[in-house]
*Asks:* 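Pasting a structure here, questions to come.
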Amino acid sequence: MSNASEGRQARIIDELRVFIKKVMSDPTIAVKSVEIARKYRGQPNADELIAREISANTNVRIPENWSEADHMFLEILHDVLDDEEAMY
């Protein structure tokens, strides 16, 4: 693995660690995030709307220029909703 790739991977892991700590310190973040994602599911620019509302209503900040960890978080939210739909 190249140094650039290792550095990128380390940065993503650090971002995810910070996020996981926030979720563990405030368990309502996960619930609020899923509710917000559900609200905007299927809308044009859904990820932008989700990111803005999560940033406005939780202590999770998703900047305008998303990192790979931000993209991963939004993808995971969609996966959770997909799993939810599959159950019903």
Side-chain angles (χ1 to χ4, degrees):
M1 192 179 295
S2 72
N3 285 341
S5 180
E6 287 175 4
R8 189 175 126 254
Q9 188 174 34
R11 189 174 56 252
I12 292 169
I13 290 169
D14 287 344
E15 286 181 45
L16 290 172
R17 284 181 50 115
V18 169
F19 174 75
I20 291 168
K21 284 172 57 176
K22 286 180 182 182
V23 170
M24 294 184 92
S25 66
D26 181 357
T28 65
I29 291 172
V31 174
K32 287 178 188 174
S33 296
V34 171
E35 287 172 356
I36 292 166
R38 194 178 295 125
K39 176 178 168 180
Y40 293 110
R41 186 171 177 89
Q43 291 189 25
N45 301 321
D47 284 347
E48 273 185 42
L49 297 169
I50 293 166
R52 280 191 212 141
E53 190 163 335
I54 287 172
S55 293
N57 292 295
T58 70
N59 67 353
V60 173
R61 300 294 169 252
I62 303 173
E64 264 186 50
N65 297 319
W66 299 341
S67 68
E68 289 184 56
D70 297 323
H71 282 283
M72 189 181 303
F73 171 60
L74 292 167
E75 287 174 20
I76 291 168
L77 282 173
H78 290 293
D79 289 345
V80 168
L81 294 180
D82 289 345
D83 290 350
E84 190 176 83
E85 279 184 7
M87 290 174 45
Y88 301 105

*Asks:* Do Leu49 and Ile76 sit in one hydrophobic cluster, given that two such residues count as connected whenever their side-chain heavy atoms are within less than 4.5 Å of each other, even indirectly?
*Replies:* yes

*Asks:* Does a side-chain heavy-atom distance below 4.5 Å link Met72 with Ile12?
*Replies:* yes

*Asks:* Please work out which of the three classes, parallel, tilted or perpendicular, describes the rings of Phe19 and Phe73, given edges at 30° and 60°.
*Replies:* tilted

*Asks:* Report, as yes or no, whether the 6.0 Å neighbourhood of atom CZ on Arg41 holds more than 12 heavy atoms from other residues, nucleotides or ligands.
*Replies:* yes

*Asks:* To the nearest 0.5 angstrom, please state how far the CG atom of Asp70 sits from the CZ atom of Arg61.
*Replies:* 12.5 Å

*Asks:* If you look at every heavy atom in Asn59 and Lys22, which pair is closest and at what distance?
*Replies:* O-NZ, 3.1 Å

*Asks:* Are the charged groups of Glu48 and Arg52 less than 4.0 angstrom apart, N to O?
*Replies:* yes

*Asks:* Could you report the tightest heavy-atom contact between Ala46 and Tyr40, atom names first, then the distance?
*Replies:* CB-O, 3.3 Å

*Asks:* Please walk me through it: do Arg8 and Arg11 pass side-chain contact (heavy atoms from CB on, under 4.5 Å)?
*Replies:* CA-CA 5 Å; Arg8 189 175 126 254; Arg11 189 174 56 252; 3.5 Å; yes

*Asks:* If you round to the nearest 0.5 Å, how far is NZ of Lys39 from NZ of Lys32?
*Replies:* 13.0 Å

*Asks:* Can you find a heavy atom in the side chain of His78 that is under 4.5 Å from one in the side chain of Ile50?
*Replies:* yes

*Asks:* Would you check if Leu81 and Arg38 make a side-chain contact, meaning some heavy-atom pair closer than 4.5 Å?
*Replies:* yes

*Asks:* Would you say Thr58's side chain and Ser55's backbone share a donor-acceptor pair under 3.5 angstrom?
*Replies:* no

*Asks:* Cluster question for you: counting only ILVMFWY and a side-chain heavy-atom cut-off of under 4.5 Å, with indirect links fine, are Val18 and Ile62 together?
*Replies:* no

